[in-house]
Amino acid sequence: MITKELTFDELATLMKQSAGVTVDPRQIEQTPDAPFSTLGVDSLGLLGIVGELENRYSLSLPTDAERCKTPAEFLGLVNTTLKTGV
């Protein structure tokens, strides 16, 4: 079982690498319920982030991960999956 949690800093890095969007991690942390669309991340960018995480952790994320609307929702889902391994 993986005990690591995805942080706002790591999410910001993934947003830059996988979606080509530069966002200050503090902005995400201060407004975690802001829609990804206001941060410049579209559904294709989020799909890229999901793919990168699945490769990194050798774990399939729920299909809901690519449908998350906010960083808070996404981090909650990803971190629950990482903790449970399911």
Side-chain angles (χ1 to χ4, degrees):
M1 183 183 331
I2 299 170
T3 57
K4 179 145 177 60
E5 283 194 358
L6 186 67
T7 65
F8 289 107
D9 286 338
E10 292 168 318
L11 179 57
T13 299
L14 285 167
M15 289 168 69
K16 182 169 178 86
Q17 292 173 345
S18 300
V21 176
T22 302
V23 179
D24 186 330
R26 291 178 298 234
Q27 178 186 359
I28 303 169
E29 192 168 5
Q30 291 170 352
T31 57
D33 293 319
F36 275 117
S37 59
T38 64
L39 299 170
V41 178
D42 60 12
S43 58
L44 188 57
L46 192 55
L47 187 59
I49 293 168
V50 168
E52 175 60 32
L53 289 171
E54 288 180 334
N55 288 334
R56 180 183 295 180
Y57 295 110
S58 299
L59 181 70
S60 292
L61 293 175
T63 55
D64 293 348
E66 61 196 50
R67 295 186 195 120
C68 289
K69 301 294 184 201
T70 68
E73 182 183 3
F74 184 74
L75 286 175
L77 182 66
V78 169
N79 286 333
T80 296
T81 303
L82 290 175
K83 285 178 187 174
T84 62
V86 179

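Just so we're clear, the structure is a prediction, and the values are computed from it rather than from any experiment.
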Next item on the list: Carefully, step by step, assess Met15 and Leu39 under the rule side-chain contact (heavy atoms from CB on, under 4.5 Å).
Entry: CA-CA 10 Å; Met15 289 168 69; Leu39 299 170; 4.1 Å; yes
Next item on the list: Take Val50 and Phe74 through the side-chain contact (heavy atoms from CB on, under 4.5 Å) test and state the conclusion after the steps.
Entry: CA-CA 10 Å; Val50 168; Phe74 184 74; 3.8 Å; yes
Check: When hydrophobic residues are tied together by side-chain contacts of less than 4.5 Å, even through go-betweens, does Val21 share a cluster with Phe8?
Finding: yes
Checklist line | Heavy-atom closest contact (Glu52 atom, Ser18 atom, distance) | finding: CB-OG, 3.8 Å
Next item on the list: Locate the shortest heavy-atom distance separating Val41 from Leu46; write the atom from each residue and the value.
Entry: CG1-N, 3.8 Å
Notebook entry, point to check: How far apart are the closest heavy atoms of Leu6 and Leu82, and which atoms are they?
Noted result: N-CD1, 4.2 Å
Next item on the list: Considering non-hydrogen atoms only, spot the tightest contact between Asp33 and Ala72 and give its length.
Entry: OD1-CB, 3.4 Å
Margin query: Could you measure the distance from the CG atom of Leu75 to the OG1 atom of Thr7? Nearest 0.5 Å is fine.
Written below: 8.0 Å
Note to self: Can you list everything that forms a salt bridge (Lys or Arg N to Asp or Glu O under 4.0 Å) with Asp24? Sequence neighbours excluded, please.
What the structure shows: Arg26
Item checked: Residue pair Ser37, Asp42: steps toward the side-chain contact (heavy atoms from CB on, under 4.5 Å) verdict -> CA-CA 6 Å; Ser37 59; Asp42 60 12; over 6 Å; no
Next item on the list: Check Ser60 against Thr81 and note the closest heavy-atom contact, atom names and distance.
Entry: O-CG2, 4.1 Å
Next item on the list: For the residue pair Thr13 and Glu10, confirm or rule out a side-chain donor-acceptor distance under 3.5 Å.
Entry: no
Check: Are Leu47 and Phe36 linked, directly or through other ILVMFWY residues, by side chains that come within less than 4.5 angstrom of each other?
Finding: no
Notebook entry, point to check: What's the verdict on side-chain contact (heavy atoms from CB on, under 4.5 Å) for Glu54 and Leu59, showing C-alpha distance, side-chain angles and the deciding distance?
Noted result: CA-CA 5 Å; Glu54 288 180 334; Leu59 181 70; over 6 Å; no
Check: Quick one: does Thr31's side chain have a donor or acceptor within less than 3.5 Å of a partner on Gln27's backbone?
Finding: yes
Item checked: Shortest non-hydrogen separation from Leu11 to Pro71 and the atoms involved -> CD2-CB, 3.8 Å
Check: What's the spacing between Ile49 CD1 and Lys16 NZ if we round to 0.5 Å?
Finding: 13.0 Å
Checklist line | Spacing of Leu61 atom CG and Cys68 atom SG [to the nearest 0.5 Å] | finding: 9.5 Å
Check: Between CG of Asp9 and CD1 of Ile28, what distance do you get to the nearest 0.5 Å?
Finding: 8.5 Å
